[in-house]
Amino acid sequence: MRQDHIISAKHLSREDIEAVLDRASTIADDPAAYSQRHAGSLLGLMFYEPSTRTKMSFSAAMKRLGGDIVDMGPVEYSSVQKGESLADTVRVVEGYADALVLRHPSEGSAKMAGEFVDIPLINAGDGAGQHPTQTLLDLYTIRENAGLDDLTIGIMGDLKYGRTVHSMAYALTNFETSQHFISPESLKLPRNVRYDLHEAGSSIKEHTELEAILPSLDVLYVTRIQKERFPDENEYREVAGEYQIDTDTLEAASDDLTVMHPLPRVDEIAHDVDKTDHAKYFQQAHNGVPVRMALLDLLLGGDQ
Ligand code: CP
């Protein structure tokens, strides 16, 4: 990889993405060949916000590479409670680990923290900003199911606060994709993201309804309304429950449509969709392990 830190999908080239995805495929085909690859290495986990998938799959990935983790644990039991700054904390934890994974509620926090450490720092979600490793596993899943070029993708839900959406939109500019964004007016893509996509020459279209666009989609990427990011709960209530899909909705879709979701879901995808061939969101979550193994292997110099 050209980079030491993984902060934003905006900085991932097609070459970077394919290096991770190809390595993940190799690992998935023969995990035993990688089981001692990073024996003795330690991954520092610093999660200032809740997580199930990202935290556990990074832990599993490091352990399946023969390494181990050091976990800051719940933020309420850390010295953050005594007033320690993020900059000080990462400088301390740098001395305990070979790479760091950081999730934090503030947009821009990972970029700032990365300026204080020399070991690789991976952004595992910074507020409503970016979640680049989610995008890598999403792209891996798309590549397995639909291919990454000549792709028509619909990204639906909370496009304003959804960091997985922002990362995905940037990463897809490396491929021949047609991106359709479906959301209420109040949850459209942020202006800065739209500007960046325009600058990258990306073809994007915005919609408030799924119906007209659904039949042409290869992939429908559904997202949760990010309740925890709304400054006013009334604003959340105005849009909660919109943009739900079920098997009736999908009758208008192509038989080959791949339905994805970064999870956790609340009520955006009805449970009756789970048993259809469209549903790939649990496979997507499981892909977090080989993809994060691949990323860690490349960042920790597995080829040297
Ligand atoms: N998709 C995702 O980031 O899930 P977690 O919040 O559980 O890590």
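Every number for a ligand or one of its atoms is a count from 1 in the order of the listing.
Applying the side-chain hydrogen bond (donor to acceptor under 3.5 Å, both in side chains) rule to pairs touching residues 110-127 yields Asn123-Asp126, sequence neighbours excluded. Sorted by first then second residue, the salt bridge (Lys or Arg N to Asp or Glu O under 4.0 Å) pairs that include residues 153-172, not counting sequence neighbours, are Glu49-Arg163.
Within 4.0 Å of ligand 1, heavy atoms belong to protein residues Ser51, Thr52, Arg53, Thr54, Arg103, His131, Gln134, Pro262, Leu263.
Across all their heavy atoms, Ser78 and Met72 have their closest contact at CB-CG, 4.0 Å. Of all heavy-atom pairs between Ile69 and Ser59, the closest is CD1-OG, 3.7 Å.
Taking hydrophobic clusters as Ile, Leu, Val, Met, Phe, Trp and Tyr residues chained together by side-chain heavy-atom distances below 4.5 Å, Phe58 shares a cluster with Leu136.
Not counting sequence neighbours, the partners of Arg64 by the side-chain contact (heavy atoms from CB on, under 4.5 Å) test are Val289, Met293.
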